Amino acid sequence: MMSMAIDITRGAVSSVTTAEDKNDIDVMEESFSPQYMTINVAPAQGLFLDMSFFDNYNKRALGKGEALDWHSEPESEAVIRWKNFKEQKVMKHVMAEEAQQHNFIKYMFIQEFHLKHASYESSEQKVHTN
């Protein structure tokens with residue numbers, strides 16, 4: 001879905017859709033439907049879980065212990081440690097890897113110059129669910 005968001009941002013979706021009455025948002029909403037739609041895959045480099053939610057755990061643990069909640073107190077010790085770790089370790093690594101390997105730049109070049117999107121129209125093909 002990152003590739004869909006990137007294509008919408010750079011205007012590639014509306015330039016290839018065959019239906020004149022569809023806009024980018026229509027195509028993105030349709031991509032969440034059960035109908036088959038070919039969407040490219042963006043590089044996973046730099047994708048990480050930035051925020052965790054423990055709603056289901058908290059429901060099960062209700063009354064048995066302290067709930068896990070990292071969002072209601074943005075200045076808590078755990079949140080500060082996580083932010084420092086993310087900035088000092090994770091982002092530093094992601095940026096250094098991109099500077100060395102140029103994965104995202106390569107991806108954008110391939111998207112723009114090598115891949116020809118027939119369209120972002122959905123089809124009646126079955127979606128494979130394993």
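In this text the structure is predicted, and so the values were computed from the model without any measurement. Hydrogens, waters and symmetry mates play no part in the numbers below; they use all other heavy atoms, side chains included. Residues take their numbers from the sequence shown, with the count starting at 1.
The hydrophobic clustering, which links ILVMFWY residues whose side-chain heavy atoms are closer than 4.5 Å, places Ile8 and Val27 together. At a threshold of 4.5 Å between side-chain heavy atoms, the hydrophobic network of Ile, Leu, Val, Met, Phe, Trp and Tyr places Ile6 and Ile39 in two separate groups. Ile25 is not connected to Phe32 by any chain of hydrophobic side-chain contacts under 4.5 Å among Ile, Leu, Val, Met, Phe, Trp and Tyr, and they are in different clusters. The cluster map of Ile, Leu, Val, Met, Phe, Trp and Tyr, joined by side-chain heavy atoms under 4.5 Å apart, puts Val79 and Phe85 in the same cluster.
No side-chain heavy atom of Lys92 sits under 4.5 Å from any side-chain heavy atom of Glu87.
At distances below 3.5 Å, not a single donor-acceptor pair connects side-chain atoms of Asn84 with backbone N or O atoms of Arg81. A donor-acceptor pair under 3.5 Å is absent between the side-chain atoms of Gln35 and the main chain of Glu30, judged by distance alone. At least one donor-acceptor pair closer than 3.5 Å links the side chain of Glu98 to the backbone N or O of Asn103.
Using the six-membered ring where Trp is involved, Tyr107 and Phe104 have ring planes that are tilted, between 30° and 60° apart.
Taking all atoms of both residues into account, the shortest heavy-atom contact from Lys106 to Gln101 is NZ-O, 3.1 Å.
Counted within 6.0 Å of NZ on Lys86, heavy atoms from surrounding residues, nucleotides or ligands total more than 12; the atom is thus considered enclosed. Phe54 CZ: more than 12 foreign heavy atoms inside a 6.0 Å radius.
In this structure, CG in Asn23 is found 8.0 Å from CD in Glu29, a value given to the nearest 0.5 Å.
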